[in-house]
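Worksheet: one structure, shown below.
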Amino acid sequence: MFVASEDSQPCFKDFTLVMPAVAVGNVGQLAVDLIVSTLNMSRVGYLHTDCLIPMAGNNPYATCKEDAEEMHTPAEVYIAPELKLAVLQIRAPIIQTKSKKFCQMIVSWIKDSGFSRTVVLSSSHSYQRDDQQMRGTPLRYLVTPSLQKVSAEALKELGWMEMERVSAFPGLTDANTEPRLCIPGGGITKGLYTDSCAEDLPLAVLLLFCSEGDNIPDAFTLINHLNDWLHLLDNPSQEPNKWKIPTSWSLLFGSGIPPALF
Amino acid sequence: MATFFGEVLSVYSRAVEEEDDEDLDENEEDEQIRRELAIKREVHLQWRPEVSESLRSGNKLQCSDFIVAVGHNAARFLSVYVLTSANWETVGHVSLWNERSRAVIGQTSEESACVFYRHKDSPSVLICQVTGYIAEDQLFQWAEKVFDCLQQRELNVTVLADYSVADYKTADYVCSSSAPFLRSLHTATFSGQSVCQSLEQPNIVTGLPAAVLNHCQVHRIAAVVYQCYSDITGPDSVTMETYKPVLTKLSKSIQFESSPSTEILRKFVKTTDIQSNLYI
């Protein structure tokens, strides 16, 4: 359920929505953090739902002492009106038995809000790729038929690789089994995609094959890839530090070590 | 995942469950089992007859201060400093079942892991002690159902919560002498002065305190969580003392015993003496 954080209801008509799928290495979530912190987006509301594990913290994008004390919740919506961009950040894992319900909730919220298109940033286990997926870049995309109609030109120009369908029984050539879409470790990515196809929503999935570990480089790869399409920043690759790393990324590998150790 | 030497290891992911990519072809029976399990895991509130009667007639609990203590030290702190000092009565409890619940037959409300207390003379303060485990999927429901019974205008929520200092992240090494210490996190509508430092990023609040904060932030209720980071897992008087500044702030609405007798302290600390003789 969307709850506005201010008194007035925000209008998302014709906005582009970017959201992460909670997936392997948290790459989508990290990439979304970079967008919110770099574009200095403002929070307009929360998704208050029982499908996410509760968590709370102070401002993850704090820049100074004054704005550090501001509470944030597991799922929040940010906007940059001048770019007609809305971002949904999800900071907690989805309760496994409720992932279907969560998908449905997101899809119906997207539908009701009137977003012109939705981009899901996701990732998939790199060790489960098949032979054809190991070729080329680790980046893939998927678009629903309704977005394909309007963005076919742009996508063709970008020269991106579409996510390959894999055969159910590799090595066997059985005419009866159709190759199917498989996104291992992608969380709700596949559910969101298939639900959006069924609901005729314009939605794209951008995903990256990766492994769990320090996934910050993966997040930069994915966000630069997205930027090639949406042009949120001009030429970020020439200036590698243009994306602003939020303060909440500190101490990813734990606290300081005892000085007496040495 | 295949390693350098070729053996296949199952990979743990911090973000996703292992079997989430399988297509779930659910049949009627699976669905039925899932539904029954969901019903079994529901959170139930049981109030005293007069309270539930007034709730049924649409009158929510009139309450200006709601104090929730999560964890053994927080709960015992309230038992020692507040609940012994005056006429407090049990008004209700929460009953729930999850994978960690033990089958206890004939459990009374006093033995429940989540009990509500109210002062006989000034019923505007409600205290809740939570010592049991509430599963991740039950937290949201707990907050929804409890706050549904409370009058929300001018409500102030204070949560005391035990945490382990091992979960505290800081660039400097936390030396053992600094624990236990308090950190606070409050909702946007909370206007009071906090009694301690604010929780620094990247530290977060999880569990029941987070569920309460989320609910209060979204519904614009003034709430503050005080997390006590301690290096002792069992109940101990030093950790309990850490919460004292919070009570001093609440002294307008509740009376408390500033120096409890050793007798009372002993009663509450002793009950969980280490049962094992491994280190004797």
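The sequence lines fix the lettering, A, B, ..., with proteins before strands; numbering per chain opens at 1.
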Cut-off 4.5 Å, heavy atoms of chain A, and the answer for B:Glu144 is side chain
Scanning both residues in full, the closest heavy-atom pair of A:Pro74 with B:Asn214 reads CD-OD1, 3.2 Å
Rounded to the nearest 0.5 Å, the OH atom of A:Tyr61 sits from the CD atom of B:Gln201 at a distance of 9.5 Å
*Intermediate values then yes/no, side chain to side chain donor-acceptor pair (under 3.5 Å), B:Gln217 and A:His48*: CA-CA 10 Å; B:Gln217 172 82 356; A:His48 191 54; over 6 Å; no
The interface call for A:Thr49 against chain B, heavy-atom contacts under 4.5 Å, is backbone
**Asked** Within a reach of under 6.0 Å around CZ of B:Arg35, are more than 12 heavy atoms found that belong to other residues, nucleotides or ligands?
**Response** yes
When the 4.5 angstrom heavy-atom criterion is applied to B:His186 and chain A, the contacting part is both
inquiry  = Any side-chain to backbone donor/acceptor pair from A:Ser255 onto B:Tyr168? Under 3.5 Å, distance only.
reply    = yes
So, the part of A:Ala92 with a heavy atom under 4.5 Å from chain B: the answer is neither
To the nearest 0.5 Å, atom CG of B:Leu213 lies from atom OG1 of A:Thr73 at 10.5 Å
key: Within 6.0 angstrom of A:Asp214 CG, more than 12 heavy atoms from elsewhere   = yes
- Take atom CD in A:Glu6; do more than 12 heavy atoms of anything else shown fall under 6.0 Å from it? no
Tightest non-hydrogen contact, residues A:Ser5 and B:Arg220, listed as O-NH2, 3.2 Å
Among A:Met55, A:Gln29, A:Met71, the residue with the most heavy-atom pairs under 4.5 Å to chain B is A:Met71
Requested in this report: Evaluate whether atom CE of A:Met134 has more than 12 neighbouring non-hydrogen atoms of other residues, nucleotides or ligands under 6.0 angstrom away.
Outcome: no
Highest number of heavy-atom pairs under 4.5 Å with chain B among A:Ile94, A:Val3, A:Ile53 belongs to A:Ile53
Between A:Ser248 and B:Pro202 the two heavy atoms that sit nearest each other are O-CB, 3.5 Å
Assert top hit (heavy-atom pairs under 4.5 Å, partner chain A, pool B:Val225, B:Leu199, B:Leu208) equals B:Leu199
So CG of A:Leu252 and NZ of B:Lys169: to nearest 0.5 Å the spacing works out to 6.5 Å
Nearest heavy-atom approach of B:Arg34 to A:Thr97 is NH1-CG2, 3.9 Å
Among A:His72, A:Glu69, A:Glu70, the residue with the most heavy-atom pairs under 4.5 Å to chain B is A:Glu69
Within a 6.0 Å radius of atom CD on B:Glu99, are there more than 12 heavy atoms belonging to other residues, nucleotides or ligands?
yes
Assert top hit (heavy-atom pairs under 4.5 Å, partner chain A, pool B:Ala211, B:Ser198, B:Gly207, B:Ser194) equals B:Ser198
Assert top hit (heavy-atom pairs under 4.5 Å, partner chain A, pool B:Gln141, B:His215, B:Glu136) equals B:Glu136
Interface check, chain B: of A:Asn58, A:Ile95, A:Val24, most non-hydrogen pairs under 4.5 Å belong to A:Asn58
